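Predicted model, so just to flag it, every value in this text is computed and none were measured.
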Amino acid sequence: MTASPRALITGGAGFIGSHLAERLLREGYKVRVLDNLTTGKTENLAAIAKDVELEVGDVRDQPFVDYAVRDCDVVFHEAAIVSVPYSVEQPQETHDVNLQGTLNVLQSARKRGVKRVVFACSAAVYGEEPTMPKRETMAPAPVAPYGVEKMASELYLGAWSALYGVETVSLRYFNVFGPRQDPKSAYSGVISIFVDRALRGTTPVIFGDGSQYRDFVYVDNVVEANFLAATRPGVSGRAYNVGCGAQTSLNDLLGMIGKAAGTTLTATYQPARAGDIHASLADITRARDELGYVPKVSVEEGLARLVAHVKRERAGAS
Ligand code: UD2
C-alpha cells in the first residue's frame, strides 16, 4: 500500500481553500494548511480541525513557507489578497502577497522536492479585451495590479516547470461563489452580498444597468478542478480556465437568487463601479479536454445550496 499523499494548502482557512481541504481529506490526503488568518478563519476548518495541521503564518515570510512546505508532495497555492480595487489602492502590499508570495512558494517547492504546485490564478489576467468567450490562447491584458500579479505568478510557474522540474498547473478562476464567502466587505463577491440581503429582506444594489454578465462558478466545481489539476499526468506548465462556460447577467441573477430564497428580489440601481468590466465568460474546452473537468454543479443548483447553507447557519446562530 502506498502512503497517503501530503498536501499543503496556502490560504487553506479561506473560502476556497477550506472546501479544498475537506475534499482532499475525503480523497485520503494528509492536509496541512498555511494561513495568516487575515481573511481566513479557523471556523472554516471547524468540521475538520482534528484532521488538519494548521500553520499560522504568512506567505511573505520565506523561512516560514519553507517550513510549512516540508514533506509535501503537492502544494495548492490559494493564499492571496483577492480584491481588485484593493490592489489599485495598495499595489505594493498586494505585490508582496500575491507575487512575492507565489515566488516564495515556488522556491520552497523546488528546495523541498514538491512534485506539483497548483495555483489559484484569475480571469483578471484577461482584462478588458472584449472578445468572448475567453480562451487561454488569448494574449493576457490585465488592467489592475491584481491581474498583473496573477499573470506574473503564472509566468513564474511556467519557468519553474521548464527549468527546475517542479510540475505546475495554473487555474484561472472566474467568479467563484458558495458557502463561506464572506458577504461583509464592499468588495465581496456579488452573490454572497445578494444572498445575504435576500435572506435579511434588505434591498441589494446593482452598480450599472444590470446587463453586465459574469461566468459564476460554484466552489465545488473549482475544488474538482484543483483535484484534477493535482492528479492528471501530462499537464505541467499549462493554464486552464475554471468557470461554467455560461453567462449570467446581474439582472438575471437577481431573479435566480429570489427564486432560490423563495422571495421576490428587487434592486436599486446606482452608477457602475469605476474599473468594472462589462463581461466575463470562460471557454472551458481546454480544461474539459485535458483535465477532464466538467462543472457538475450548475449556477442554479449552486445558488440553491448556498441559500440552504446560509439559512442553516442563521438558524444555528439564533
Ligand atoms: C471577480 C473577482 C476578482 C477577479 C475578477 C476578475 C470576486 C469577489 N472577485 O471580480 O477577484 O478575479 O473577477 O475579472 O469574485 N456588483 C453589484 N452589486 C454589489 C456587488 C457587485 O452590482 O453589491 C456588481 C459589480 O459592479 C460587478 C459584478 O457585480 O459588475 C461582479 O462583481 P464582483 O465584485 O462579484 O466580481 P468581479 O467580477 O468584479
Side-chain angles (χ1 to χ4, degrees), residues 14-27 44 47-48 76 78 82 120 122-123 132-134 171-183 188-201 204 206 210-229 240-267 279-289 291-316:
F15 159 47
I16 298 171
S18 62
H19 286 276
L20 181 57
E22 288 172 355
R23 170 73 187 269
L24 293 178
L25 287 172
R26 286 201 299 276
E27 299 287 346
N44 287 341
I48 52 170
F76 297 88
E78 310 296 310
V82 300
S122 166
M132 293 295 155
K134 299 299 185 194
L171 299 177
R172 296 177 176 179
Y173 298 168
F174 281 65
N175 286 62
V176 188
F177 73 100
R180 302 189 198 128
Q181 191 175 32
D182 191 349
S188 299
V190 65
I191 289 181
S192 69
I193 297 172
F194 282 14
V195 166
D196 180 65
R197 297 218 169 168
L199 295 179
R200 285 182 200 283
I206 288 183
S211 68
Q212 72 264 43
Y213 65 84
R214 296 290 186 271
D215 189 334
F216 294 106
V217 55
Y218 189 67
V219 65
D220 284 13
N221 298 327
V222 176
V223 166
E224 174 70 8
N226 272 277
F227 180 68
L228 292 167
Y240 298 99
N241 288 341
V242 178
C244 273
Q247 66 188 62
T248 306
S249 74
L250 285 221
N251 287 328
D252 288 344
L253 185 65
L254 210 59
M256 289 160 76
I257 291 177
K259 195 169 161 213
T263 181
T264 305
L265 203 55
T266 48
S280 181
L281 176 65
D283 183 329
I284 55 171
T285 308
R286 182 190 279 186
R288 190 193 61 207
D289 290 353
L291 294 178
Y293 166 72
V294 178
K296 294 190 186 111
V297 184
S298 66
V299 178
E300 287 86 350
E301 172 62 21
L303 289 174
R305 290 189 195 182
L306 174 59
V307 166
H309 170 89
V310 177
K311 280 184 174 169
R312 269 198 312 275
E313 207 174 47
R314 290 194 183 162

Non-hydrogen side-chain atoms of Arg314 and Arg200 separated by less than 4.5 Å:
yes

Indicate yes or no: at least one non-hydrogen side-chain atom of Tyr173 is less than 4.5 angstrom from one of Val217.
no

Any side-chain heavy atom of Phe15 sitting closer than 4.5 Å to one from Val176?
yes

What I'd like to find out is whether the side chain of Lys134 reaches to under 4.5 Å of the side chain of Asp215, using heavy atoms alone.
no

Any donor-acceptor pair under 3.5 Å linking the side-chain atoms of Asp283 with those of Thr285?
yes

Heavy-atom side-chain contact between Cys244 and Asn221 under 4.5 Å
yes

Which residues share a salt bridge (charged side-chain N to carboxylate O under 4.0 Å, His left out) with Glu224, sequence neighbours left out:
Arg23, Lys296

Partners of Asp182 by side chain to side chain donor-acceptor pair (under 3.5 Å), sequence neighbours excluded?
none

Return the set of residues passing ring-ring contact (aromatic ring centres under 6.0 Å, His included) with Phe227 (not counting sequence neighbours), or none when no residue passes.
none

Residue list, salt bridge (charged side-chain N to carboxylate O under 4.0 Å, His left out) with Arg214, at least two apart or on another chain
none

What pairs with Tyr293 under ring-ring contact (aromatic ring centres under 6.0 Å, His included), at least two apart in sequence or on another chain?
none

Looking at Pro179, is its backbone amide N or carbonyl O close enough to the side chain of Gln181 to form a donor-acceptor pair, meaning the two atoms are under 3.5 Å apart?
no

Please output the side-chain donor-acceptor pairs of residues 302-312 that fall under 3.5 Å, not counting sequence neighbours, one pair per line with the distance.
residue, atom, partner, partner atom, Å
Arg305, NE, Glu301, OE2, 2.9
Arg305, NH1, Asp220, OD2, 3.3
His309, NE2, Glu313, OE2, 3.3

By side chain to side chain contact (heavy atoms under 4.5 Å, CB included), Asn44 pairs with (sequence neighbours left out) Ser18, Lys41, Arg180

Could you tell me which residues satisfy side chain to side chain donor-acceptor pair (under 3.5 Å) with Gln247, sequence neighbours excluded, listed by chain and number?
none

Residue pairs fulfilling side-chain hydrogen bond (donor to acceptor under 3.5 Å, both in side chains) with at least one residue in residues 254-266, sequence neighbours excluded:
none

Could you tell me which non-hydrogen atom of Ser280 sits nearest to which non-hydrogen atom of Ala123, and how far apart they are?
OG-CB, 4.3 Å

Could you tell me which residues satisfy salt bridge (charged side-chain N to carboxylate O under 4.0 Å, His left out) with Asp252, sequence neighbours excluded, listed by chain and number?
none

Working note: Phe76 + Leu24, criterion side-chain contact (heavy atoms from CB on, under 4.5 Å); need CA distance, chi angles, decisive distance, verdict.
CA-CA 11 Å; Phe76 297 88; Leu24 293 178; 3.5 Å; yes

Between Ile16 and Val82, is any pair of side-chain heavy atoms under 4.5 Å apart?
no

Please identify each residue that fulfils side chain to side chain donor-acceptor pair (under 3.5 Å) with Tyr218, with sequence neighbours left out.
none

Side chain to side chain donor-acceptor pair (under 3.5 Å) partners for Arg197, two or more places apart
none

With Leu171, which of Val242, Asn241, Val222 fulfils side chain to side chain contact (heavy atoms under 4.5 Å, CB included)?
Val242

For the student: nearest non-hydrogen atoms of Ala120 and Glu78, plus distance:
CB-OE1, 3.4 Å

